[in-house]
Asks: 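Have a look at this one.
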Amino acid sequence: MRPGPNKPYPSHSNIFAYHSSALGKDKDYTDESEHATYDRSRLINDFVIKDKSEFKTKLSKNDMNYIASSGPLFKDGKKRIDYILVYRKTNIQYDKRNTFEKNLRAEGLMLEKEPAIASPDIMFIKIHIPWDTLCKYAERLNIRMPFRMQTYFRRIKNWMAQNPMVLDKSAFPDLEESDCYTGPFSRARIHHFIINNKDTFFSNATRSRIVYHMLERTKYENGISKVGIRKLINNGSYIAAFPPHEGAYKSSQPIKTHGPQNNRHLLYERWARWGMWYKHQPLDLIRLYFGEKIGLYFAWLGWYTGMLIPAAIVGLCVFFYGLFTMNNSQVSQEICKATEVFMCPLCDKNCSLQRLNDSCIYAKVTYLFDNGGTVFFAIFMAIWATVFLEFWKRRRSILTYTWDLIEWEEEEETLRPQFEAKYYKMEIVNPITGKPEPHQPSSDKVTRLLVSVSGIFFMISLVITAVFGVVVYRLVVMEQFASFKWNFIKQYWQFATSAAAVCINFIIIMLLNLAYEKIAYLLTNLEYPRTESEWENSFALKMFLFQFVNLNSSIFYIAFFLGRFVGHPGKYNKLFDRWRLEECHPSGCLIDLCLQMGVIMFLKQIWNNFMELGYPLIQNWWSRHKIKRGIHDASIPQWENDWNLQPMNLHGLMDEYLEMVLQFGFTTIFVAAFPLAPLLALLNNIIEIRLDAYKFVTQWRRPLPARATDIGIWLGILEGIGILAVITNAFVIAITSDYIPRFVYEYKYGPCANHVEPSENCLKGYVNNSLSFFDLSELGMGKSGYCRYRDYRGPPWSSKPYEFTLQYWHILAARLAFIIVFEHLVFGIKSFIAYLIPDVPKGLHDRIRREKYLVQEMMYEAELEHLQQQRRKSGQPVHHEWP
């Protein structure tokens with residue numbers, strides 16, 4: 001229904017060898033010789049105008065569209081290469097390849113073989129789909145194409161200065177808004193469609209998608225399951241199949257004066273270069289070149305990055321509020337002035353009494369993250385997550401309308417070869433296709449799912465074991481660092497213990513991630529999913545569960561378990577009756593949580609970015625180095641250059657989504673303890689967008705332009721993370737931070753408890769109130785006097801020494817009440833916002849219905865006009881209504 005993606009192009013017979021054959025006039029062209037000789041100079045470069053300055057002045061923007069849509073050609077310089085197959089000459093699967101290629105030609109495709117320049121064992125098969133075959137399959141697949149001009153009012157040119165973040169559309173011929181409605185293509189009604197140029201009527205992405213559809217459904221042997229290019233790649237008949245890039249991504253001439261050589265060059269100059277980091281993404285051109293599935297990923301990533309801006313600003317304001325009021329904090333002042341308050345030893349052997357004011361720096365740093373703005377920021381981020389997801393649904397609906405996906409339904413997928421091989425003896429009739437196909441019995445499916453779930457729980461228990469090992473490490477080295485020879489480590493032994501544990505934990509996380517991927521593959525294959533999409537969803541869910549638990553288990557330990565079960569002086573709880581459990585720092589546990597989150601988030605982002613770009617760069621450099629050592633011919637064809645690039649990841653966009661979804665969890669789940677998380681995520685994503693763009697445009701082979709209407713299983717995972725974030729932030733504020741103890745003291749036990757108008761700071765005396773007394777003589781070490789420790793227990797001289805006081809139970813009740821109130825309040829606000837924001841804007845909904853009506857009317861008018869023209873030609877009377 002929406003405006004068509006491609007404008008009609010004029011003929012350029014004076015510039016290009018234009019192939020204008022009509023339906024049925026293309027002749028099958030194939031070169032069966034694997035050692036054919038040919039003129040290598042006849043490549044796409046032959047069709048680039050040498051004097052581009054003169055060229056630019058003569059060509060209109062439609063001409064630029066034609067040039068940008070050109071690509072590698074057959075030897076005749078006319079037929080465009082739509083797909084590339086690669087195999088080794090030494091491979092023995094000749095019969096399968098020969099049958100497959102004959103069947104492809106019988107389906108209407110044209111094939112041309114060409115040996116590689118750099119490797120004599122490699123053979124390329126170039127595939128071209130002629131016009132009549134394109135039309136036939138476009139009709140079968142219900143591909144929507146432009147058929148009638150829209151009528152609209154001309155827009156008044158904006159007199160204001162252009163937004164520097166918005167792309168200049170004059171440099172993007174393919175980004176111009178089209179003025180055509182679209183409808184399902186039909187050969188019977190071909191006269192309805194605007195076809196000025198058959199070579200550019202179907203975009204490169206559409207042509208490649210149709211060819212792949214044919215490759216997936218062509219037989220290579222007799223038998224129901226002996227079908228498809230993927231099976232031929234799995235059995236080694238071919239080693240690769242990919243659509244070619246449209247040409248080089250760089251040019252010796254500037255794009256501003258000479259224009260783009262092709263869409264890949266345009267994407268590089270206006271999207272993938274690091275200098276474009278502040279510009280909006282050309283989503284329409286990304287979709288045109290890479291397909292809707294990849295276009296939706298970059299649209300989601302850009303939307304997520306843009307939504308991080310307000311979250312980062314608010315988090316930065318909360319941080320600066322703590323920074324500017326740090327010296328005025330009553331709690332920090334009391335800790336810094338407590339020169340006569342001695343804290344009990346934090347370890348048994350090598351630790352001595354510590355003055356409370358030694359924790360002055362830690363108290364001030366803790367206040368940066370645990371201040372009056374913490375609760376507000378936690379509520380804000382919970383609402384932000386809902387607004388982000390709800391508005392993304394609206395954005396997705398607009399994109400699906402703009403990209404003509406409203407009525408698109410994913411076609412019935414083919415079965416996975418492993419599924420067919422396993423269950424070929426058990427068949428049932430598919431209710432959609434009406435054909436018999438292999439079937440997995442329910443009992444077998446449940447059994448395999450139980451085994452898979454058991455494997456998942458085993459891996460999660462392995463993660464918990466690794467975290468337990470890090471905890472034991474902290475307990476063991478705590479005593480060693482307290483008596484270390486270096487004075488700095490001896491003085492700040494708690495910080496050294498935490499920092500070393502965080503680094504070790506990060507190394508364990510990265511090592512376990514490698515093992516998780518292999519185990520997730522094993523468990524997913526064990527389930528024998530029916531289709532590729534089922535396999536991808538199952539694999540993605542396992543990888544998310546593994547990596548989420550792996551990344552966050554140590555953070556959960558620090559947030560909710562560290563220092564909670566240590567006992568009290570004279571009666572400490574010990575692990576295996578040997579190692580005393582670790583206590584929080586005198587200034588609280590929040591500083592340990594901030595350190596854990598900050599280090600893991602920072603190091604993981606650096607590592608991911610290095611691996612995403614560094615690994616393909618090194619591999620592609622090595623491939624080019626091997627070619628240059630043996631080949632001196634500089635005119636290597638585009639398809640061979642593409643072959644030397646790295647293929648896209650085996651599981652597609654799963655790694656890209658997984659990285660961002662895990663980051664979303666870091667940004668929302670413990671944001672109350674680390675308000676700078678959105679800022680770090682924003683800075684990383686600004687780099688991530690251009691890094692991914694550079695990788696797709698320059699370092700990877702062109703992926704199949706697949707279609708999709710949403711981001712799949714990841715939307716449900718994001719919504720689950722949003723719910724978990726509310727719960728964890730409620731517990732972090734109530735349990736990990738000192739917000740509730742300060743609140744109870746301020747209104748129940750402090751100087752303002754009985755005063756309507758307080759005349760002094762309501763937290764005065766809070767530090768002394770939050771510390772309990774312990775008699776040192778009870779340790780039997782020849783020491784006398786009292787030391788203090790963080791807890792609410794009775795003093796040694798009370799009737800019930802070291803028992804919990806009434807204030808402890810008040811605080812516990814307040815914590816539980818806060819968790820309940822916070823969760824219900826935030827969930828209520830989230831539900832109300834989700835209700836207020838419809839997934840599809842009302843204006844768009846009305847527009848879709850209006851265009852359905854207009855399309856029906858225009859189809860009627862076009863058919864009537866065509867009938868009248870036929871009657872005029874035959875001399876029959878013309879009627880202005882249906883006969």
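Counting from 1, the numbers follow the sequence of the chain as shown. Keep in mind the model is a prediction, meaning the values are calculated, not measured.
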Asks: Could you give the side-chain donor-acceptor pairs of residues 661-682 under 3.5 Å, partners two or more places apart or in another chain?
Replies:
unit_1	atom_1	unit_2	atom_2	d
Gln663	OE1	Tyr304	OH	2.8
Gln663	OE1	Asn685	ND2	3.3
Gln663	NE2	Asn685	OD1	2.8
Thr667	OG1	Gln663	O	2.7
Thr668	OG1	Phe664	O	2.8

Asks: Distance check, rounded to the nearest 0.5 Å: Ile717 atom CD1 versus Phe548 atom CZ?
Replies: 10.5 Å

Asks: Name all residues meeting the disulfide bond (SG atoms under 2.5 Å apart) criterion together with Cys360; count only those two or more places apart in sequence or in a different chain, and write none if there are none.
Replies: Cys336

Asks: Determine the interplanar angle of the Phe731 and Phe560 rings, folded into 0 to 90°, and report it as parallel if under 30°, tilted if 30 to 60°, perpendicular if over 60°.
Replies: perpendicular

Asks: If you look at every heavy atom in Met660 and Leu301, which pair is closest and at what distance?
Replies: SD-CD1, 3.4 Å

Asks: Hey, could you give me each pair passing side chain to side chain donor-acceptor pair (under 3.5 Å) that has a residue in residues 715-730? Not counting sequence neighbours.
Replies: Lys393-Glu719

Asks: I need the full list of side chain to side chain donor-acceptor pair (under 3.5 Å) pairs touching residues 370-381, with sequence neighbours left out, sorted by first then second residue.
Replies: Asp370-Arg742

Asks: So which atom in Cys762 and which in Tyr745 form the shortest heavy-atom distance, rounded to 0.1 Å?
Replies: O-CE2, 3.7 Å

Asks: Please enumerate all residues that pass side chain to side chain donor-acceptor pair (under 3.5 Å) together with Lys337, with sequence neighbours excluded.
Replies: none

Asks: If I compare all heavy atoms of Ala814 with all of Ile740, which pair ends up nearest, and what's the gap?
Replies: CB-CG2, 3.7 Å

Asks: Counting only heavy atoms not in Phe832, do more than 12 sit closer than 6.0 Å to its CZ atom?
Replies: no

Asks: How many angstroms lie between atom CD1 of Ile829 and atom NE2 of His824, to the nearest 0.5 angstrom?
Replies: 13.0 Å

Asks: Kindly give the heavy-atom pair with the smallest separation between Ile335 and Ala363, and that separation in Å.
Replies: CD1-CB, 3.7 Å

Asks: So how far is it from Leu323 CG to Leu368 CG, rounded to the nearest 0.5 Å?
Replies: 6.0 Å

Asks: Between the side chain of Ser452 and the main-chain N/O of Leu449, is any donor-acceptor distance below 3.5 Å?
Replies: no

Asks: By salt bridge (Lys or Arg N to Asp or Glu O under 4.0 Å), which residues pair with Lys830, not counting sequence neighbours?
Replies: none

Asks: So, Phe388 versus Trp384, ring centres under 6.0 angstrom or not?
Replies: yes

Asks: Can you list the residues that meet the salt bridge (Lys or Arg N to Asp or Glu O under 4.0 Å) rule with Asp775, with sequence neighbours excluded?
Replies: none

Asks: Indicate the atoms forming the closest heavy-atom contact of Ala559 with Arg564, along with that distance.
Replies: O-NH2, 3.6 Å

Asks: Can you tell me which residue pairs pass the salt bridge (charged side-chain N to carboxylate O under 4.0 Å, His left out) test with a partner in residues 537-553, sequence neighbours excluded?
Replies: Glu527-Lys542

Asks: One pair to check against side chain to side chain contact (heavy atoms under 4.5 Å, CB included): Tyr802 and Lys571. What are the steps and the verdict?
Replies: CA-CA 10 Å; Tyr802 309 127; Lys571 193 179 179 182; over 6 Å; no

Asks: Determine which pairs satisfy salt bridge (charged side-chain N to carboxylate O under 4.0 Å, His left out) with at least one residue from residues 785-801, sequence neighbours left out, and list them in order.
Replies: Asp738-Arg790, Asp791-Arg793

Asks: Quick one: pull up OG in Ser461 and CD1 in Ile456 and give me the separation to the nearest 0.5 Å.
Replies: 12.0 Å

Asks: Starting at CZ of Phe380, measure out to CZ of Phe377 and round the result to the nearest 0.5 Å.
Replies: 7.0 Å

Asks: For the residue pair Phe773 and Trp797, does the interplanar ring angle fall in the parallel (under 30°), tilted (30 to 60°) or perpendicular (over 60°) class?
Replies: tilted

Asks: So with a 6.0 Å cut-off around CZ of Phe544, is the heavy-atom count from everything else above 12?
Replies: yes

Asks: Test: side chain to side chain donor-acceptor pair (under 3.5 Å). Region: residues 544-556. Which pairs qualify, not counting sequence neighbours?
Replies: Asn505-Ser554, Asn513-Asn550, Ser554-Gln596

Asks: Going by side chain to side chain contact (heavy atoms under 4.5 Å, CB included), name the residues that satisfy it together with Ser798, two or more places apart in sequence or in a different chain.
Replies: Pro795, Pro801

Asks: Enumerate the side chain to side chain donor-acceptor pair (under 3.5 Å) contacts for residues 803-814, please, sequence neighbours excluded, ordered by first and then second residue.
Replies: Tyr749-His810, Asn769-Gln807

Asks: Parallel, tilted or perpendicular for Phe743 and Tyr747, by the 30°/60° rule?
Replies: tilted

Asks: Is there a side chain to side chain contact (heavy atoms under 4.5 Å, CB included) between Glu390 and Tyr835 once you walk through the steps?
Replies: CA-CA 9 Å; Glu390 292 302 319; Tyr835 171 77; over 6 Å; no

Asks: Can you name the nearest heavy-atom pair linking Asn328 to Gln333, along with the distance?
Replies: CA-NE2, 3.6 Å

Asks: Which distance, rounded to the nearest 0.5 Å, do you find between the CG of Leu771 and the CZ of Phe342?
Replies: 13.5 Å

Asks: Glu334 side chain to Val767 main-chain N or O, any donor-acceptor pair under 3.5 Å?
Replies: yes

